[in-house]
Amino acid sequence: MKESTETLNFIEQIIEEDLAKGLPKEKLRFRFPPEPNGYLHIGHAASICLNFGLGEKYNAPVNLRFDDTNPAKEEQEYVDAIKRDIAWLGFKWANECYSSDYFQQLYDWAVQLIKEGKAYVDQQSSEQIAEQKGTPTTPGKPSPFRDRPVAESLELFEKMKNGEFPAGSYLLRAKIDMASPNMHMRDPILYRIINAPHHRTGSDWCIYPMYDWAHGESDYIEQVSHSLCTLEFKLHRELYDWYLDQIYDPSLLRPKQREFARRNLSYTVMSKRKLLELVQKKVVAGWNDPRMPTISGLRRRGYTPESIRKFSDLSGISKRDNVTDVSLLEYCIREDLNKTATRVMAVLDPVKVVLTNYPEDKVEMLSMENNPEDPNSGTHEVPFSKELYIEREDFKEEANKKFFRLSLGNEVRLKSAYIIKADSVIKDEAGNITEIHCTVDLNSKSGSGTEASLRKVKGTLHWVSIAHAITAEVREYDRLFLDEAPDAHEDKNFMEFINPDSLNIIKKAYLEPYLAQATLDDKYQFQRLGYFTLDTDSKEEKLIFNKTVGLKDSWAKQNTAAQQPKQPDVQQNQGKRSPLNEIQQLSKKLTNLPEEKLANAKASILKLAEEVSYEEIEPLFNTAAKKVGTRIGVMLVLGVLLKNGQEKTEAAQEFINAGLNDDHEMLKAEAAAIQ
RNA sequence: UGACCUAUGGUGUAACUGGCAACACGUCUGAUUUUGGUUCAGAAGAGUCUAGGUUCGAGCCCUAGUAGGUCAACCA
C-alpha cells in the first residue's frame, strides 16, 4: 500500500492537529455562513468547497447558516438564490440555519452580560461614538454612559427591545477596553435599534445583534468546531474569543475561528458591492449575466458544477493575497466539457459553397460521432447537399502553406463528409466573395473506407447544409474588464476598465438541424469553435446559444503573434522595487548564470547603478563573504559610482581589497577593474 | 505613525515541520489526429523579498529591514 502523500492545506493541518490533541472526530462540524444580501460568486465557491469539502473529507455535518442580522439589507430572494446555487454545486447541508433563529438566546445572553457589568446602554450619536473611539494609533475615550448603573442599562435595554425608542437613539455596547490596539475591542456595539421588517422574524424584534456578537455565538449554539472565514476577519478573532469567554460552558465544544485568503479572479471584480454596481448601472443584464463571476452567471454561461469544484480544488487555500488567472477556470471547464459535450456543427459567419458536381436535388444523411472521447456516446445524422455554408475565415483565395483550410486549387475535408477542392469564386461588385465553387470527390465519403476517403488532407472544416440549416442567435462573451485586477488601482475606479466589447451578438448563425431539439441542460461543442449551451432567454421559435468558452486555438494565437511581433512587456504592475533592491536580486544569481544571461544581468545592474547612491551601498560592503553574487553586484555598483565622481572612501577601498583577495574569479576580476 | 497578517517560476499552490525547490495552469517544441481541439512525448522558466544570525546544513527557526494587505460602519 502506498502511503497517501496528499498534502494538506493549512486549515486541514489545523484540524489534524486538533484531532491529534484529542478532539473527537465526531465533534467536527462546519458551516457556510452567507449573508442573504446578494448572489454567490466564484470567490464564495472557494469557501463553499472548503467547508463542504471538509465535511465530505471528515464525514462531518456542514450547516448552511444565513447570517441574517440586518433586515435593512437582506431579502428572501437572496436566500433562495443562495440555496439554489449551493445545491447546484452538488453540496448537501446538514441543517438550514438562520442567525435569526437565535435572537432570543442572544438577547438572554446580552442581559446576562449587562448584569455582570460587561455591557451597557449608550445613547450617543454615531459621530460622538466614532470620535471617542480614537484611531488605530491613539487610544479611545470612554463613553460618558460607560458606568451607567446596571439596573438602568437593564431597564433601557428592555425598552429598546420593546420598541419604545426610535432607531439610532440607543445602543448596547460591550465594556471591554477603549485603549486596546485592536479597534474591535474598544467597546464594540452588541445591539442597535432597526425599524425594518425582517424577512423571517417580521416585526418581532426592534433590536438586532451585530455581526461579531451573532456570529460566534451562533457557531457556539450549533457547536461548530471550526469557523472558517476570510482574512479581513482576522482582527475580529480577539473579540470572537472574548464574547465566547463570557458565555462558554466548558462541557461544550468551543468553536475556533480561522481565516484564509479570499480568492480573486483576473479580469473581474469579486465584491458584492461592485457586482451590484455593475447590475445597477446596467453594465450587465443582471446578477446572472453570463459575463458575471457569479455562480448563477457561470451556470447560465454553460459552466458545470464539476468545473467549478475542480477550479476550487486546483486553486487551493492559503493566506496570501492572490489573483488567480482565468485561464485556470477555462482549463477546468474545457476539460469537463471535452469529455461530455455533444459534437455538432454550426457556422457563425457564413459563406456559400456550391459543389458543382453534386446532384441538384440529392440529400444524404451522414453519420456524425457525438463525442470521439466517449465511445458509447453514439452518433447522430446530419444532412448534406449541393449548397453549403462554411465559415468565411476558412477560405482564402490564395494562401501560404501555413493555412490548412480551403483555398483555390487546394483540397480540404468537410467534417464527416467528403473531400472538396475549390475551383473558383464569385464576387459582388464590392469584391466580396459570395460563392465558392468546388468539386467534390464522391469517392471520399467519410467512413466509407475507400482509398480516396483515407487520403490525408491538410485541413478539416465544419459546414452546414443551407437548405436544412436552422438559425439561432449566438452570444459570444469576452472578459468584462480590460485590466487584470480592475479594483487594485488606487488612482482609478474599477469602472474605468470595463471592456466595451465584452458581448458580441451574432443575430443569425446557421446550425445543423439536430440542434432544434436542444434543451437548457445540454452542452454542445460547435466543432472547431468552442462550447455552447442554450441561454435562458431562448424560446422555441428563437434559439439563443451562449458561448461558454472557445476551444484552444493555436492558429489564432499564431496569427495575433505575427500581427504584433513585439508586445511591450506589460508585466511588473505591482511592487515597484527600488533600484538597489533589484540589483540585489539580480546579483545573487550572478554566480550561477550562463554566459549570455550573465552579460544581460551585468548590463542591467550597471544601468540600475546610476540610480543608486553611495550611502545606499556602503552597508552592503560587509555582506557575508560566502554571498559572492551580492558582493560582485555591489562591486559593479561601486565601479559606476567611482566613475561618476564618487570619492573612494576607506570602506570602499577595504571592500575592493577584500575582493582582490577573494577566491572567486569573477569577484576578483571586478575588483581589479575598479581598484 | 500603532496592531495584526503575508512574501516560493508569469499565475495559483506544495515541500513529510531543518536535508540543496515539486505539482497544476500558462508558454514553447515535436508526434498523433477527419476538430489548428483532444491525447502523447519533451523543453524553457524560481535558488524561495533583502541583510544579518543560529546550524554540519535554512524556503522552513531568530533579529532587523523592505514591500503588499487588513483594522477607526448603529455592514457582514
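By convention in this document, chain letters (A, B, ...) are assigned in the order of the sequence lines, proteins followed by strands, and residues within each chain are numbered from 1.
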Roughly how many Å apart are [M] and [N], using the [atom1] atom of each and rounding to a whole number?
| N | M | atom1 | answer |
| --- | --- | --- | --- |
| B/rA7 | B/rA46 | C1' | 14 Å |
| B/rG19 | B/rG52 | C1' | 23 Å |
| B/rG36 | B/rU29 | C1' | 16 Å |
| B/rG59 | B/rC20 | C1' | 11 Å |

Sorted by position of nearest nucleotide on RNA chain B, 5' first, the leading residue of A/G459 and A/A261 is A/A261

Comparing nearest nucleotides in RNA chain B, the 5'-proximal residue of the pair A/F10, A/Q525 is A/F10

If pairing means Watson-Crick or G-U wobble with both distances under 3.5 Å, then the partner of B/rA64 is B/rU50

pair_partner(B/rU70), Watson-Crick or wobble, both distances < 3.5 Å, evaluates to B/rA3

Q) Does a side-chain N or O from A/R263 land closer than 4.0 Å to OP1 or OP2 of B/rU13, or not? A) yes

ask   = Going by an N to O cut-off under 4.0 Å, is there a salt bridge joining A/D441 and A/R455?
value = yes

Record whether the side chain of A/E373 comes under 3.5 Å of the base of B/rG37 through a donor-acceptor pair of N or O atoms. yes

query: Is there a donor on the side chain of A/R405 or the base of B/rG36 sitting less than 3.5 Å from an acceptor on the other?
result: yes

A/F655 atom CZ is separated from B/rA51 atom P, nearest whole Å, by 12 Å

